[in-house]
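Because the structure is a prediction, the values reported are computed rather than measured.
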Amino acid sequence: MSALLSLQGVGKRYGGVAALEGVDLEVHAGEVLAVCGDNGAGKSSLIRIMSGAQRADAGTMALRGEAVVFRSPHDALVRGVATIYQELALAPRMSVYENVFMGSELVRFGLLDKRRMRREAQAYLARLSVHVADTRRPVEGLSGGQRQAVAISRALRWGAEVIIMDEPTAALGVRETAQVLELVRALKREGRTVVLVSHDMRDVAALADRVCILRAGRKVVDEPLGGRRAEDLVALVMGGGVMG
């Protein structure tokens with residue numbers, strides 16, 4: 001299977017510290033790929049490189065088989081790779097529809113077409129099975145799960161094929177976590193590709209098709225999930241257990 005997004009020999013150093021060394025990774029269309037590892041394993045550095053937030057010191061990256069260098073997160077976004085960080089990067093005092101269309105507003109006769117943006121924002125949310133009664137509502141009044149849906153809707157608005165989600169259920173309650181997991185499932189049903197970065201092995205076990213585990217900046221596991229339980233994945237992250 002050809003990769004939608006691939007990295008070869010990626011390395012990143014911060015002074016004398018190697019955050020990543022020789023990491024190869026392929027992301028295939030339509031899959032949920034979990035990227036896991038303990039603190040300091042290199043997950044954040046890998047995601048920043050994939051998202052355009054940082055440049056690798058070594059290695060190459062290809063998108064749809066063509067070499068690519070993302071110069072910023074916006075550059076990655078317009079090429080179809082969106083990243084939703086734990087902080088979400090939403091404007092809390094702005095409305096739902098304004099957040100969905102931020103940077104890609106619709107204009108009619110030289111004026112913002114607010115009615116159409118409200119209608120289309122509602123449609124994006126509906127694709128994720130999320131209901132917000134009034135998309136003029138400020139984002140700060142939404143639940144954590146609804147905020148994730150707004151961030152994902154913005155990625156869909158840009159036509160993102162690959163959606164990187166960084167710790168999407170961190171600090172969420174049980175109900176909101178369940179809603180976010182269903183958002184990931186909805187993206188998969190749409191044929192989108194999700195890269196899920198998570199410390200929560202229960203989320204990984206529930207969602208992932210494949211798991212990549214980093215340890216001290218190196219990839220040590222890259223295998224189909226194969227029905228493994230959360231406790232099996234914890235053992236792998238900590239250096240025990242056997243994949244395959």
Is there a donor-acceptor pair closer than 3.5 Å between any side-chain N or O of [X] and the backbone N or O of [Y]?
X: Arg13; Y: Gly16; result: yes
X: Arg137; Y: Gly141; result: yes
X: Lys219; Y: Asp24; result: yes
X: Lys12; Y: Arg55; result: yes
X: Arg228; Y: Leu225; result: yes
X: Lys43; Y: Gly37; result: yes
X: Asp209; Y: Val32; result: yes
X: Arg192; Y: Ala160; result: yes
X: Asp166; Y: Val197; result: no
X: Arg157; Y: Ser104; result: yes

Student check: side-chain heavy atoms of [X] and [Y] closer than 4.5 Å:
X: Glu161; Y: Leu63; result: no
X: Cys36; Y: Val211; result: yes
X: Tyr97; Y: Arg116; result: no
X: Arg185; Y: Leu181; result: yes
X: Arg175; Y: Ser143; result: no
X: Gln148; Y: Met165; result: yes
X: Thr177; Y: Val174; result: no
X: Ser198; Y: Glu167; result: yes

Test of understanding: with side-chain hydrogen bond (donor to acceptor under 3.5 Å, both in side chains), list the residues that count as partners of Arg147, not counting sequence neighbours.
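Partners of Arg147 by the side-chain hydrogen bond (donor to acceptor under 3.5 Å, both in side chains) criterion come out as none, since no residue qualifies.
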Are there more than 12 heavy atoms of other residues, nucleotides or ligands under 6.0 Å from atom CZ of Arg218?
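At most 12 heavy atoms, drawn from other residues, nucleotides or ligands, come within 6.0 Å of this atom.
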Could you report the tightest heavy-atom contact between [X] and [Y], atom names first, then the distance?
X: His74; Y: Trp158; value: CE1-CH2, 3.4 Å
X: Pro168; Y: Leu196; value: CG-CD1, 3.5 Å
X: Gly30; Y: Thr193; value: N-OG1, 2.8 Å
X: His28; Y: Arg210; value: CD2-NH2, 3.6 Å
X: Ala149; Y: Val130; value: CB-CG2, 3.8 Å
X: Ile49; Y: Met61; value: O-CE, 3.7 Å

Membership question, hydrophobic clusters at under 4.5 Å side-chain separation (ILVMFWY): are [Y] and [X] in the same one?
X: Val204; Y: Leu214; result: no
X: Met94; Y: Val96; result: no
X: Leu207; Y: Ile163; result: yes
X: Val195; Y: Leu77; result: no
X: Leu4; Y: Val68; result: yes

Among Leu33, Val81, Val194, exactly one meets side-chain contact (heavy atoms from CB on, under 4.5 Å) together with Val162. Which residue is that?
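In the set Leu33, Val81, Val194, the residue that makes a side-chain contact (heavy atoms from CB on, under 4.5 Å) with Val162 is Val81.
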[X] side, atom [atom1]; [Y] side, atom [atom2] - distance, nearest 0.5 Å:
X: Phe70; Y: Thr83; atom1: CZ; atom2: OG1; result: 9.0 Å
X: Leu183; Y: Leu128; atom1: CG; atom2: CG; result: 5.5 Å
X: Arg202; Y: Arg229; atom1: CZ; atom2: CZ; result: 15.0 Å
X: Met50; Y: Ser6; atom1: CE; atom2: OG; result: 10.0 Å
X: Ser51; Y: Ile164; atom1: OG; atom2: CD1; result: 5.5 Å
X: Glu190; Y: Leu187; atom1: CD; atom2: CG; result: 6.5 Å

Do Asp203 and Thr169 have side-chain N/O donor and acceptor atoms under 3.5 Å apart?
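On atom types as modelled, these side chains qualify, holding a pair under 3.5 Å.
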Passes side-chain contact (heavy atoms from CB on, under 4.5 Å), Met117 versus Val100? Steps please.
CA-CA 8 Å; Met117 286 191 287; Val100 170; over 6 Å; no
Run the side-chain contact (heavy atoms from CB on, under 4.5 Å) check on Val132 and Val150 step by step: do they pass?
CA-CA 10 Å; Val132 176; Val150 172; 5.7 Å; no
Contact list for residues 90-115, test salt bridge (Lys or Arg N to Asp or Glu O under 4.0 Å), sequence neighbours left out:
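Not a single pair qualifies under salt bridge (Lys or Arg N to Asp or Glu O under 4.0 Å).
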